[in-house]
Amino acid sequence: MLTPTAVLAGIGLVSGLGLAVAAKVFAVEIDPRQEEINDQLPGANCGGCGYAGCADFSAALVEGKADPGDCPVCDDATLRLLGEIMGVEVGESVRHVALIMCQGGLSVAHREGRYNGHASCASADLIAGGGKLCSYGCLGLADCQAVCAFGAIEMIEDCIARVIPSRCTACGKCVAACPKHLIRLVPANTQIHVLCSNTEKGAAARKACNVSCLGCKKCEKTFEDDPRIIIHDHLAKVDYLKPPTDQAVVEVCPTGALTVRLLDREDRARQPS
Amino acid sequence: MNLLLLVISAVLVNNFVLARFLGICPFLGVSKKLSTAMGMTGAVIFVMTLAGIASWLIYHVVLAPLDLVYLQTITFILIIASMVQLVELALQKISPPLYRSLGIFLPLITTNCAVLGCAVMSVQNDYSLLETTVFALGAGVGFGLALVLFAGIREVLELAETPKAFRGTAIALVTAGVLSMAFMGFAGLVK
């Protein structure tokens, strides 16, 4: 009875001591700030910073390879905290949100065929650009929703993706996932947007979708002296460095591609779900 | 020649996963992606070989002379667990890239029944130290072969139109069964 107990206890003791010694010998010094920073980071491991997850990012921060601002997800308060831990100044930054530059749902965009293959925008795009007549529009098969780690994209009834601004962290994953390159990160405090990406001429664009931008230049003329909306390739684009402030400009748009979306106010109006 | 037969037996005929049904948990758990399956394979081969040698030594140096062979299971678990910890500590210091690539798989293997099974089997079959090493290596490679094959199939299966009821784990289990049947074809190659 004594021998087996002693043998087992002996083996346990020896391995325990061995491990204790090994822990001392092989101790790896980790910067204590790394843990602190890790606690502050969002922890979604979205990869928006370019590193493999939040732990990797905090290691890069401590080594001085990255700046706190490289994390597109952190809000200003968190960034200031990170700056305090690291002992660096953090400048002000404008919150961005993703915006899908298409509002051509099934009820307004015309179709030329029916795609019934694998339910993914990427595969639909490979087959003649999907079923819509407009080859620039949202395919509505939710590739962006699938990659969003924050549940910030919903598919609305009209079979088109829509970003929920309050949940969006501007990590940029959906921007890369959209085969039509429809998603842009825009400043959340802007109000007027051109929700169309069709660069075809007016007649062709109108034929494809009721809410397309025709490139008619009516909006551009409104800001003739100080161009805040630029027409390029028959498509209007808002210059987000000096966005239009006068909401009346949307009234000149004949199709409604130019619209008002109060991104930062939508947040508050929305019921928490 | 004997050693070669031992390897063929461990890798193909008596494959740990598909013929002996050991280590099913990681077989299903980390086979969703080929890259993680590779990482797991590396870690298993590494730990299995070391564990085989260590448990052989403990058995023949301590347990057998003292007539305490009935303690083998508990001592093997003890040895394997503490050795994995030791390897993890050492790797973190000596080779951070390898440590990072093995990642979570190393501690996971601590409780892998294939590793314990390999140690127990080499003792049961009365292998010499050299035979034990080769057997453990072969068992690890066999585990890896099954895991990598399975991960490859599962990756392709993701893109296939699977009936709704079979999606996910169900079809994975069916696939594992078919794969196991395929490996039964090796039976009789080596006794």
Side-chain angles (χ1 to χ4, degrees), chain A residues 1-31 34-35 38 43 45 47 51-60 62-63 65 115-127 141-143 146-147 177 179, chain B residues 33 35-36 39 50-51 54-101 103-104 106-107 110 119 155-162 164 167:
Chain A
M1 185 61 211
L2 204 62
T3 334
T5 319
V7 166
L8 206 54
I11 293 174
L13 202 65
V14 169
S15 17
L17 281 176
L19 279 181
V21 172
K24 276 265 179 286
V25 175
F26 296 116
V28 179
E29 281 175 30
I30 295 173
D31 197 319
Q34 194 173 327
E35 194 119 327
N38 222 356
N45 297 322
Y51 291 91
C54 292
D56 219 25
F57 179 62
S58 60
V62 172
E63 284 172 34
K65 286 193 210 150
Y115 170 80
N116 54 7
H118 181 60
S120 137
C121 304
S123 19
D125 185 43
L126 289 174
I127 299 168
L141 293 169
D143 276 15
V147 296
Chain B
K33 266 170 75 185
S35 53
T36 49
L50 284 182
S55 48
W56 188 92
L57 286 176
I58 282 288
Y59 186 86
H60 287 275
V61 175
V62 181
L63 296 186
L66 290 175
D67 214 13
L68 292 174
V69 285
Y70 59 88
L71 280 181
Q72 69 172 25
T73 311
I74 191 165
T75 39
F76 285 1
I77 291 175
L78 202 61
I79 291 295
I80 293 169
S82 46
M83 210 189 49
V84 171
Q85 294 289 314
L86 184 73
V87 168
E88 203 188 350
L89 283 170
L91 269 188
Q92 199 173 5
K93 178 80 174 182
I94 297 164
S95 170
L98 184 63
Y99 175 74
R100 238 172 290 144
S101 65
I104 184 71
L106 211 47
T110 314
E155 270 194 356
V156 180
L157 214 55
E158 279 289 294
L159 299 175
E161 291 271 351
T162 318
K164 205 165 189 177
R167 265 177 219 165

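Proteins come first, then strands; the chains are lettered A, B, ... in the order of their sequence lines, and each starts at number 1. Both backbone and side-chain heavy atoms feed into the values below; hydrogens, waters and symmetry mates do not.
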Enquirer: For a quick test of reading the model, state the closest non-hydrogen atom pair linking A/P4 to B/Y70 and the distance between them.
Expert: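 Smallest interatomic distance, heavy atoms only, reads CG-OH, 3.4 Å.
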
Enquirer: Which atoms of B/L68 come close to chain A, meaning under 4.5 Å heavy atom to heavy atom: side chain ones, backbone ones, both, or neither?
Expert: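 For B/L68, side-chain heavy atoms alone lie under 4.5 Å from chain A.
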
Enquirer: Let me confirm one number: the OG-CD1 distance from A/S15 to B/I80, rounded to the nearest 0.5 Å.
Expert: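 Between atom OG of A/S15 and atom CD1 of B/I80 there are 12.0 Å.
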
Enquirer: Which one wins on heavy-atom pair count under 4.5 Å against chain B: A/I11, A/V14, A/V25?
Expert: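 Answer, by heavy-atom pair count under 4.5 Å with chain B: A/I11.
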
Enquirer: Taking all non-hydrogen atoms of both residues, which atom of A/V7 and which atom of B/L66 are closest, and how far apart?
Expert: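 For A/V7 and B/L66, the tightest heavy-atom pair comes out as CG2-CD1, 3.4 Å.
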
Enquirer: Are more than 12 heavy atoms, taken from residues, nucleotides or ligands other than B/I74, located less than 6.0 Å from that residue's CD1 atom?
Expert: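 Counting other residues, nucleotides and ligands, CD1 of B/I74 stays at 12 neighbours or fewer.
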
Enquirer: Please state whether the side chain, the backbone, both or neither of B/L86 comes within less than 4.5 Å of a heavy atom of chain A.
Expert: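 Contact with chain A: backbone and side chain both.
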
Enquirer: Considering all heavy atoms of both residues, which atom of A/H118 and which atom of B/E161 are nearest to each other, and what is their separation?
Expert: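 Scanning both residues completely, I find the closest heavy atoms to be CA-OE2, 4.3 Å.
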
